[in-house]
Asker: 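First the structure, which I've put down as structure tokens, then a few questions once you've had a look.
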Amino acid sequence: MVSRVIPVDVFDLVIFGGTGDLARRKILPGLYRRFLAAQMPAESRIIGAARAELTDQEYRDQVRAAIAEFVPADRQDPAAIEGFLARLHYVAIDATGANGWAQLKALMRENVVRAFYFSVAPSLFGDIAQRLSDHGIADAWSRVVVEKPFGRDLASARALNACLARHFNETQIYRIDHYLGKETVQNLMAVRFANILFEPLWKAEYIDHVQITVAETVGVEGRGAYYDKSGAMRDMVQNHLMQLLCLIAMEPPYHFDPDAVRDEKLKVIRALKPVPPEDIVRGQYGPGNGEAGYLAHAENPNSRTESYIALKVQISNWRWQGVPFYLRTGKRLRARASEIAITFKPPPHAIFDDASGWHENVLVIRLQPNEGMNLMVMIKEPGPGGMRLMQVPLDMSFAEALGAEAADVPDAYERLIMDVIRGNQTLFMRGDEVEAAWAWTDPIIEGWEARGDRPQIYDPGSSGPEDALMLMHRDGRRWREIR
Ligand code: NAD
């Protein structure tokens with residue numbers, strides 16, 4: 001199977017924070033890969049904008065080093081790298097001052113797509129938006145891309161939305177959640193809405209429960225002081241896990257159109273019930289395996305911030321009445337694994353005498369590693385031993401279907417940046433969605449802060465705190481293994 005690459009229009013992309021960690025690790029290597037795949041037209045340009053005083057050549061050298069470090073060796077084509085670097089420019093700019101803006105304006109071309117990637121701290125978004133508009137650099141066709149975190153509560157998210165709205169229409173604002181750029185996440189929509197097979201079963205009558213897991217092996221070392229002000233609820237649940245939940249739970253949109261999809265996601269968020277304290281488990285990794293624990297990494301011996309959270313979430317609508325969505329995410333866990341598992345109910349009546357081999361049908365959507373889907377089904381165990389049942393996976397992983405081409409599936413950032421250039425907002429969060437997500441999140445956080453709850457300590461390399469196991473056992477269910 002050959003994946004099609006459709007070139008996007010010629011563009012000028014300005015990366016504010018073009019020397020930062022995100023630009024070096026994700027944005028620039030991703031753009032190089034799109035250039036290599038001939039999706040980025042050769043006449044396009046990328047303009048790094050940051051505080052350091054650099055020449056174009058010095059910036060290109062930095063980006064060459066970033067490509068060498070972050071692009072797999074088999075994708076490093078010296079001629080393509082030089083061709084890509086030739087498309088790069090640099091402007092030293094002060095987001096909060098007057099330096100550099102006139103040079104940036106002089107560099108921008110007419111009649112090409114203009115995109116501005118705000119890969120800087122959110123406190124600078126307002127300053128940059130203001131200066132882009134004061135200097136007449138952003139026009140009605142320009143797009144701005146903003147990074148997470150989009151606020152730390154409803155009030156700050158509203159303030160950010162208001163500050164962007166002073167200079168840009170909602171159709172020009174692309175709030176990135178890189179989980180939405182993952183191939184499997186989009187495939188989830190294809191599987192649900194392009195097949196007749198699943199949708200009739202996609203409701204409380206046939207689904208027992210849903211598990212969403214985002215497990216990481218890394219801790220917060222190196223950025224603990226920053227993380228400690230946020231925690232797993234703000235850093236992961238309010239955005240990434242919430243978006244995944246929306247894609248599973250939403251009604252079919254009338255069309256695969258940005259606002260139609262986002263309207264349906266918004267309805268899900270608005271239908272989320274408040275979560276009572278007994279349905280929330282927060283954890284903090286302790287020291288172990290020769291490494292310091294969370295408190296040392298956070299440089300805050302009294303920290304009550306969670307590095308792990310598990311929640312039982314209910315959606316108050318017709319389709320999902322009584323179906324729990326169990327969400328969990330944490331650092332320093334047993335394995336790096338992100339997956340969604342949809343567990344179906346048993347058949348209404350068992351006709352086989354030997355039910356010992358029986359298991360529920362589970363649709364597992366794996367986001368990382370090994371993006372793909374598996375449907376666990378029951379079959380007869382082969383052989384002459386009578387009618388015995390066994391569970392087997394129907395494997396729908398990309399590596400199988402695409403073969404060597406699976407390696408060319410664009411990473412989430414690449415895909416999302418190309419969507420920005422195409423002007424397609426389907427995979428970006430709308431302002432009202434983000435605010436609704438915070439409106440659900442805020443009382444949960446305020447609740448544990450008011451109660452003075454302390455997170456439970458868990459062993460590094462484990463699957464999280466004991467109480468999280470109990471959250472499931474209480475309901476007669478079990479978490480899937482993290483592996
Ligand atoms: P960073 O600190 O590595 O880089 C910040 C960049 O902003 C640098 O290029 C710096 O020169 C520039 N900058 C800072 N102050 C400036 C000013 N006054 N004027 C002009 N430029 C200025 O940060 P980062 O890790 O690259 O993160 C950038 C944004 O992306 C942040 O909002 C962060 O939350 C978000 N983000 C980062 C990651 C990641 O993996 N690094 C992941 C998700 C989101």
Side-chain angles (χ1 to χ4, degrees), residues 13-31 46-54 58-59 61-63 65-66 69-70 88-104 116-132 134-135 137 144-152 156-157 159-160 163-164 173-182 214 216 218-232 234-241 243 329 331 336 338 368 411-414 416-417 420 428-429 434:
L13 170 67
V14 181
I15 308 175
F16 292 101
T19 58
D21 175 66
L22 183 68
R24 279 173 37 77
R25 277 191 313 112
K26 290 287 180 189
I27 305 172
L28 289 155
L31 284 161
I46 296 156
I47 300 158
R51 268 185 310 197
E53 293 289 340
L54 299 175
E58 285 166 334
Y59 187 55
D61 291 342
Q62 281 195 6
V63 177
E69 190 174 350
F70 297 112
L88 297 185
H89 298 268
Y90 183 80
V91 184
I93 224 161
D94 181 0
T96 56
N99 286 351
W101 295 96
Q103 290 93 305
L104 179 60
F116 301 95
Y117 199 128
F118 293 7
S119 182
V120 293
S123 56
L124 296 176
F125 290 177
D127 290 303
I128 296 176
Q130 177 79 47
R131 283 163 180 74
L132 283 174
D134 287 352
H135 290 81
I137 301 173
V144 293
V145 185
V146 294
E147 266 298 337
K148 85 169 208 188
F150 201 87
R152 67 181 321 275
S156 53
L160 267 181
C163 120
L164 291 171
I173 303 170
Y174 291 72
R175 295 173 193 79
I176 283 223
D177 184 327
H178 68 274
Y179 269 64
L180 291 181
K182 289 181 182 294
V214 177
E216 298 176 90
V218 291
V220 301
E221 54 275 38
R223 60 181 201 110
Y226 162 81
Y227 184 90
D228 200 45
K229 296 192 197 75
S230 150
R234 288 192 171 94
D235 190 47
M236 298 297 292
V237 177
Q238 183 274 343
N239 39 47
H240 306 317
L241 277 81
Q243 288 295 321
T329 179
K331 310 263 179 212
R336 175 172 173 263
S338 301
Q368 65 190 21
D411 136 286
Y413 271 93
E414 297 171 38
L416 292 173
I417 296 170
V420 172
F428 296 84
M429 290 176 296
V434 177

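All ligand and atom numbering here is 1-based and tracks the order in the structure. Basis for what follows: all heavy atoms, side chains included, without hydrogens, waters or symmetry-related copies.
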Asker: Please list the nearest protein heavy atom to atom 13 (N) of ligand 1 with its residue and the distance rounded to 0.1 Å.
Answerer: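 Protein heavy atom with the smallest distance to atom 13 (N) of ligand 1: Arg51 NE, 4.1 Å.
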
Asker: May I ask you to check whether Ala49 has an N/O atom sitting below 3.5 Å from an N/O atom of ligand 1?
Answerer: no

Asker: Has Lys148 got its NZ or CZ under 6.0 Å from the middle of the six-membered ring of Phe150, at an angle within 45 degrees of the ring axis?
Answerer: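 No, Lys148 does not sit over the ring of Phe150.
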
Asker: Note the single closest protein heavy atom to atom 38 (C) of ligand 1, along with its residue, its atom name and the distance in Å.
Answerer: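 Protein heavy atom at minimum distance: Leu22 CD1, 3.6 Å.
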
Asker: Using 0.5 Å steps for rounding, measure from the CZ atom of Arg51 to the CG atom of Asp94.
Answerer: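 Those atoms lie 7.5 Å apart.
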
Asker: If you count the atoms of ligand 1 from 1 in the order shown, which ones are under 4.0 Å from a heavy atom of Pro122?
Answerer: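 So the atoms of ligand 1 that pass are 32 (O).
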
Asker: Considering distance alone, does some N or O of Ala95 sit under 3.5 Å from an N or O of ligand 1?
Answerer: yes

Asker: Return each pair, listed once, that meets salt bridge (charged side-chain N to carboxylate O under 4.0 Å, His left out) where at least one residue sits in residues 20-30; pairs must be two or more places apart or across chains.
Answerer: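 As it turns out, the salt bridge (charged side-chain N to carboxylate O under 4.0 Å, His left out) pairs with a partner in residues 20-30, which skip direct neighbours, are Asp21-Arg25, Arg24-Glu69, Lys26-Asp411.
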
Asker: I'd like to know if the side chain of Arg131 reaches the main chain of Gly97, judged simply by a donor and an acceptor atom lying under 3.5 Å from each other, with no hydrogens or angles considered.
Answerer: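 Yes.
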
Asker: Just which atoms of ligand 1 are under 4.0 Å from any heavy atom in Pro149?
Answerer: 34 (O)

Asker: If I take atom SG from residue Cys163 and atom CD from residue Gln130, how far apart are they, to the nearest 0.5 angstrom?
Answerer: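 Atom-to-atom, Cys163:SG and Gln130:CD are 9.0 Å apart.
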
Asker: Among Tyr90, Phe125, Trp101, which residue meets the ring-ring contact (aromatic ring centres under 6.0 Å, His included) test with Phe16?
Answerer: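 Only match with Phe16 under ring-ring contact (aromatic ring centres under 6.0 Å, His included): Trp101.
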
Asker: At under 4.0 Å between heavy atoms, which part of Leu124 makes contact with ligand 1: side chain, backbone, both or neither?
Answerer: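 Near ligand 1, Leu124 shows its side chain, while the N, CA, C and O stay back.
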
Asker: Which option, Arg223, Arg25, Lys148, Lys26, owns the non-hydrogen atom nearest atom 34 (O) of ligand 1?
Answerer: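 Comparing heavy atoms across Arg223, Arg25, Lys148, Lys26, the nearest one to atom 34 (O) of ligand 1 lies in Lys148.
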
Asker: Within this structure, what is the CG-CZ distance for the pair Leu416 and Arg175, rounded to the nearest 0.5 Å?
Answerer: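 Leu416 CG to Arg175 CZ: 14.5 Å, rounded to 0.5 Å.
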
Asker: Tell me the protein heavy atom at minimum distance from atom 20 (C) of ligand 1, and give that distance in Å.
Answerer: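 Looking at atom 20 (C) of ligand 1, the protein heavy atom closest to it is Ile93 O, 3.3 Å.
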
Asker: Students should be able to answer this: which protein heavy-atom is nearest to atom 4 (O) of ligand 1, and at what distance?
Answerer: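 Result: Gly20 CA, 3.2 Å.
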
Asker: What's the shortest distance from atom 8 (C) of ligand 1 to any protein heavy atom, and which residue and atom give it?
Answerer: Thr19 OG1, 3.6 Å

Asker: Measuring from atom CD of Gln62 to atom CG of Leu28, what distance do you get when rounded to the nearest 0.5 angstrom?
Answerer: 10.0 Å

Asker: Identify, for atom 28 (C) of ligand 1, the protein heavy atom at the shortest distance, and state residue, atom and that distance.
Answerer: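 The closest heavy atom on the protein side is Ser119 O, 3.2 Å.
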
Asker: May I ask you to list the atoms of ligand 1 that are less than 4.0 angstrom from any heavy atom of Asp94?
Answerer: 18 (N), 19 (N)

Asker: Give me the nearest non-hydrogen protein atom to atom 6 (C) of ligand 1 as residue plus atom name, then the distance to 0.1 Å.
Answerer: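 Protein heavy atom with the smallest distance to atom 6 (C) of ligand 1: Gly17 CA, 3.5 Å.
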
Asker: Is it the side chain, the backbone, both or neither of Glu147 that has a heavy atom closer than 4.0 Å to ligand 1?
Answerer: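 The answer is the side chain of Glu147.
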
Asker: Roughly how far, to the nearest 0.5 Å, is CG of Leu31 from CD1 of Ile15?
Answerer: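 The CG atom of Leu31 is 6.0 Å from CD1 of Ile15, to the nearest 0.5 Å.
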
Asker: Just verifying a value: how many Å separate His89 NE2 and Tyr59 OH, rounded to the nearest 0.5 Å?
Answerer: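 So the NE2 of His89 and the OH of Tyr59 are separated by 11.5 Å.
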
Asker: Do any N/O atoms on Asp21 end up under 3.5 angstrom from N/O atoms on ligand 1?
Answerer: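 In this structure, Asp21 places an N or O atom under 3.5 Å from an N or O of ligand 1.
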
Asker: Distance to 0.1 Å, residue and atom name: give those for the protein heavy atom nearest to atom 32 (O) of ligand 1.
Answerer: Val120 O, 2.8 Å

Asker: Test of understanding: with side chain to side chain donor-acceptor pair (under 3.5 Å), list the residues that count as partners of Arg336, not counting sequence neighbours.
Answerer: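 Arg336 satisfies side chain to side chain donor-acceptor pair (under 3.5 Å) with Gln368 once adjacent residues are dropped.
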
